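Data first, discussion second: the structure below is written as structure tokens.
Fair warning: this is a prediction, and the values are worked out from it, not measured in the lab. Note on naming: letters A, B, ... go to the chains in the order of the sequence lines (proteins, then strands), and numbering restarts at 1 for each one.
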Amino acid sequence: MERGMRGTQLSLNQTQKVRLQRALEQLESLSSKVNSNASVTVADSIPVNYEDGVLKGHGTSELNGEVVATVCGVVERVNKLVYVRALRARYKPEVGDIIVGRVVVVAPKRWRIEINYSQDAVLMLSSMNLPDGIQRRRTALDELNMRSIFEENDVICAEVRGFQHDGLHLQARSQKYGKLKRGQMLTIPPYLVKRRKQHFHHLEQFGIDLILGCNGFIWVGEHVEATDDMLEEQVNKTEQQITKSDRNSASLEEQEQSSIPLETRQSLCRTANAVRVLSTLGFIVTIEVILETVNLSSSLNLDVHEMLGSEFCVLVAEKEAERRTLNKKKR
Amino acid sequence: MEFVNPEGLRLDGRRPTELRQIRAELGAVAKADGSAVFEMGNTKVIAAVYGPREVRFEYSMANFSTGDRMRRPKGDRRSTEISLVLRQTMEACIMTHLMPRSQIDIFVQVLQADGGTRSACINAASLALADAGIPMRDLVTSCSAGYLNSTPLLDLNYVEDSAGGADVTVGIFPKLDKVTLLQMDAKLPLDIFENVMQLATEGCKAIATELREVSNLMKEINIVGEHKAIGISARGIKSYARWFRLQLCPDCCYTQFLSP
């Protein structure tokens with residue numbers, strides 16, 4: 001099988017196999033040949049010009065005066081810096097990345113969040129906006145009420161703040177960050193998500209939100225209007241008046257009332273399946289490609305579950321090959 | 001028993017210094033961070049790497065742990081020993097200082113055993129680690145050699161392995177040209193041992209070129225080695241399966257072996 005078809009057991013018939021192979025070959029021929037000779041594997045020595053001075057970056061080490069790769073990947077050079085970008089690895093955080101994660105532990109003054117990194121990330125209580133939207137010191141009461149903000153296993157969205165002495169810190173100081181509800185989280189290899197200006201997408205035609213987390217966690221959920229601070233305050237006030245037991249029943253009723261309409265749920269699953277198909281094929285997941293895949297599936301009148309079949313997979317590969325050929329011709 | 005016939009061929013038709021057919025494949029386990037299948041003749045091993053990930057603790061008490069119901073069955077000695085060997089070999093090559101406060105789980109399962117499972121496990125784990133993008137000093141490779149009918153034999157199969165002769169398993173860093181693993185059962189005179197070990201090291205280097213090719217460009221193409229595949233001794237195959245688990249946490253020097 002070709003690159004990008006890792007670990008997938010698609011049951012393809014003979015024609016589908018041939019078509020997929022052809023599409024992938026076409027894609028391969030289109031991909032830039034610039035870096036093809038710069039790929040190294042573990043313990044390959046990297047040719048460098050010592051006269052200019054060398055800064056050894058990630059994925060390199062020194063052996064007998066040579067610069068040697070320690071991971072399989074592509075050699076990148078920036079001025080004096082030489083580093084190897086691993087082809088496949090876990091997520092490596094960068095400051096400012098928008099990520100989706102899952103709360104693992106509620107600890108004193110902080111949540112620990114699983115983000116597909118080698119360590120759990122830390123979200124301090126003080127580095128997120130309180131639900132009432134007021135800027136103030138966090139009190140002991142706030143600390144006791146932390147579970148009312150995020151509980152274990154909640155899916156949240158946040159931004160990478162940076163490395164501190166005790167690990168990777170996140171922050172969620174905006175309305176757009178916070179708990180994600182009523183949708184599904186998908187896990188794809190993090191190298192398929194490229195860093196872009198926009199990671200939050202509102203697909204108006206479907207009424208859903210799509211968050212492409214840089215860590216390879218992708219959120220597809222019902223669209224939530226960004227709430228006004230003032231409005232939320234009022235809601236909170238009324239909520240405080242209701243006693244706890246009442247609130248529980250109210251929230252149940254509320255849930256029933258506001259169940260997601262079937263159509264939204266279908267398009268939600270359609271979008272999620274589009275992401276799944278793209279990640280099994282090993283294509284970079286961007287909003288344009290996702291939308292194109294969704295449109296392809298609906299134009300073919302495919303059911304949501306049929307999108308995960310082998311036929312659609314082959315179609316997507318062919319479509320992508322076609323798209324890239326067109327792009328190339330335009331240029 | 002005659003292990004090398006007068007024509008100089010072994011039971012499965014190989015020359016004494018010939019490897020079995022090698023086949024390797026990356027990305028066999030979809031959920032793992034890195035995985036590989038490695039085959040040498042009829043020996044087939046699958047390895048999966050998870051991590052580096054946060055160290056989490058798991059405590060469980062089995063139903064037989066209370067009162068005097070049953071004693072906890074211990075992992076058998078063979079698997080304990082092999083996983084220890086694997087752990088030490090892999091710890092030597094992974095640059096653990098770059099991944100503090102995290103653990104790497106390596107699961108190796110032997111699907112088919114026809115001699116040389118130890119070497120196959122190391123080769124598979126090495127490939128899986130490379131696939132997972134974990135920084136390593138070198139790709140460790142391993143190969144075994146033996147001495148039967150006063151002939152040094154490379155890459156023993158099950159029949160030759162169980163013949164009772166010496167069996168030398170060598171693991172090397174091909175680039176650094178260093179030995180990380182050397183095991184031998186039975187005894188050999190020193191001069192012969194040197195020959196056998198030399199042969200095993202040559203075998204390791206041959207495997208190393210194959211593995212590099214596999215990991216190069218991380219292309220998921222089944223690389224079939226040039227070494228000829230000849231006769232299979234069907235009797236020699238025994239099915240043998242067990243999971244090994246390896247944990248390492250370099251920061252607190254906390255190493256732990258967990259057998260399921």
When rounded to the nearest 0.5 angstrom, what is the spacing between OG in A/S61 and CE in B/M136? 12.0 Å

Considering only heavy atoms, which portion of B/L98 lies under 4.5 Å from any heavy atom of chain A: side chain, backbone, both, or neither? neither

To the nearest 0.5 Å, what is the distance between CD (B/E213) and OG1 (A/T41)? 10.5 Å

What pair of heavy atoms forms the shortest contact from A/V104 to B/R56, and how long is it? CG1-NH1, 3.5 Å

The interface call for B/M95 against chain A, heavy-atom contacts under 4.5 Å, is side chain

Does any non-hydrogen side-chain atom of A/S45 lie less than 4.5 Å from one of B/K175? yes

Looking at every non-hydrogen atom in both residues, tell me the closest pair between A/V42 and B/L139 and how far apart they are. CG1-N, 3.8 Å

Using 0.5 Å steps for rounding, measure from the CZ atom of B/R53 to the CZ atom of A/R90. 7.0 Å

Any sub-3.5 Å donor-acceptor pair from B/R137's side-chain atoms to A/A43's backbone N or O? no

Closest approach of B/E54 to A/D120 (non-hydrogen atoms, all atoms of both residues): OE1-N, 2.5 Å

If you draw a 6.0 Å radius around NZ in A/K194, do more than 12 non-hydrogen atoms from other residues or ligands fall strictly inside? yes

A/S118 backbone acceptor or donor facing B/R101 side chain under 3.5 Å: no

So which of A/V71, A/V68, A/T70 has the biggest tally of heavy-atom pairs under 4.5 Å with chain B? A/T70

Of all residues at least two apart in sequence or in a different chain, which pass the side-chain hydrogen bond (donor to acceptor under 3.5 Å, both in side chains) check with B/E202? B/Q198

For A/R22, I'd like to know if atom CZ has over 12 heavy atoms of other residues, nucleotides or ligands within 6.0 Å. no

